[in-house]
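Remember, predicted model here, so these are calculated numbers, not experimental data.
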Amino acid sequence: MSIVQIKIDGDTNIVKYITLIRKFNNALPITIIKSNIENKNYVIHHNLYAYDLVDDLLNIDHTARFRQLLADLITAGARLQIYCDEEQCTLEYLDNKIIAMQEIEKELQLEMDRALREE
């Protein structure tokens, strides 16, 4: 499993951060997001290997949306602490992990397509 969790250092832009996080996941209550930022707890998380058939059919890439959220938070001035499987990591490490995951996914799809053609 590959869970990415984010902490945000609190500052005067907290309302901007809450707005961006709610655009990504509007099920998260504003009070919880605010409290998690203020108490230096994980604010949001994402499972890189999560799969949803409906999202796949609708061509929704939650990992890309999550990565865009991180970029938007950084642009808004957020200082992020990123944790991959509960170990602190860099944004570059996370990007490399996402790229590797996508490459593996493509290779598996190619192998499945080849196997289907051979039948």
Side-chain angles (χ1 to χ4, degrees):
M1 186 172 285
S2 197
I3 304 294
V4 179
Q5 297 170 298
I6 305 299
K7 291 182 181 181
I8 300 174
D9 293 340
D11 61 23
T12 59
N13 294 325
I14 197 166
V15 173
K16 287 182 188 177
Y17 308 152
I18 292 170
T19 302
L20 291 169
I21 291 167
R22 293 268 301 163
K23 281 170 75 174
F24 176 77
N25 182 349
N26 63 4
L28 290 172
I30 293 169
T31 55
I32 298 294
I33 298 169
K34 183 176 186 270
S35 173
N36 284 343
I37 291 172
E38 292 172 346
N39 295 317
K40 299 181 183 347
N41 293 327
Y42 295 122
V43 177
I44 194 160
H45 69 276
H46 176 68
N47 182 346
L48 293 176
Y49 296 115
Y51 177 79
D52 184 280
L53 178 61
V54 174
D55 289 340
D56 191 29
L57 292 172
L58 295 173
N59 203 24
I60 297 172
D61 184 346
H62 285 289
T63 297
R65 288 185 65 238
F66 180 75
R67 182 58 184 87
Q68 184 60 52
L69 168 65
L70 299 184
D72 293 345
L73 287 167
I74 291 168
T75 299
R79 289 182 314 261
L80 304 180
Q81 295 177 41
I82 304 168
Y83 294 83
C84 295
D85 297 321
E86 298 192 21
E87 289 188 28
Q88 194 163 9
C89 66
T90 64
L91 189 58
E92 181 181 6
Y93 175 85
L94 176 60
D95 286 342
N96 289 338
K97 189 172 184 128
I98 291 170
I99 290 167
M101 181 188 78
Q102 291 169 339
E103 288 173 357
I104 291 168
E105 188 177 307
K106 285 177 188 173
E107 283 296 317
L108 288 172
Q109 187 63 47
L110 288 172
E111 286 181 29
M112 288 175 21
D113 290 346
R114 265 184 258 151
L116 287 173
R117 280 193 302 268
E118 291 174 1
E119 288 183 357

Clusters formed by hydrophobic residues whose side-chain heavy atoms approach within less than 4.5 Å: which one holds Tyr83, and what are its other members?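 Once heavy-atom contacts under 4.5 Å are chained together, Tyr83 belongs with Tyr42.
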Which pairs of donor and acceptor atoms, one on a side chain in residues 7-25, lie under 3.5 Å apart (sequence neighbours left out)?
unit_1, atom_1, unit_2, atom_2, d
Asp9, OD1, Gln81, NE2, 2.8
Asp11, OD1, Asn13, N, 2.8
Asp11, OD1, Tyr17, OH, 3.1
Asp11, OD2, Tyr17, OH, 2.8
Asn13, ND2, Ala76, O, 3.4
Tyr17, OH, Gly77, O, 3.2
Tyr17, OH, Ala78, N, 3.2
Thr19, OG1, Val15, O, 2.9
Arg22, NH1, Asn26, O, 2.6
Arg22, NH1, Leu28, O, 2.6
Asn25, OD1, Ala27, N, 2.9

I'd like to know if the side chain of Asp85 and the backbone of Ile3 have a donor-acceptor N/O pair within less than 3.5 Å. yes
Just verifying a value: how many Å separate [X] [atom1] and [Y] [atom2], rounded to the nearest 0.5 Å?
X	Y	atom1	atom2	value
Lys34	Asn39	NZ	CG	9.5 Å
Asp113	Leu108	CG	CG	11.0 Å
Ser2	Met101	OG	CE	8.0 Å
Glu105	Leu110	CD	CG	11.0 Å
Gln109	Met112	CD	CE	4.5 Å
Gln102	Thr63	CD	OG1	7.5 Å

Note, His46 side chain near Leu70 side chain (heavy atom, < 4.5 Å): no
Do the non-hydrogen side-chain atoms of Leu69 and Ile44 ever get within less than 4.5 Å of each other?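 Yes; the side chains approach each other to less than 4.5 Å.
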Report, as yes or no, whether the 6.0 Å neighbourhood of atom CD on Glu92 holds more than 12 heavy atoms from other residues, nucleotides or ligands.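 Open.
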Other residues, nucleotides, ligands: >12 heavy atoms within 6.0 Å of Gln88 CD: yes
Just jot down the side chain to side chain donor-acceptor pair (under 3.5 Å) partners of Asn36, sequence neighbours excluded, or say none. none
Linking I/L/V/M/F/W/Y whenever their side-chain heavy atoms sit closer than 4.5 Å, directly or via other members, would [X] and [Y] fall into one cluster?
X	Y	answer
Leu73	Ile32	no
Val4	Leu91	yes
Ile82	Tyr49	yes
Leu80	Tyr93	no

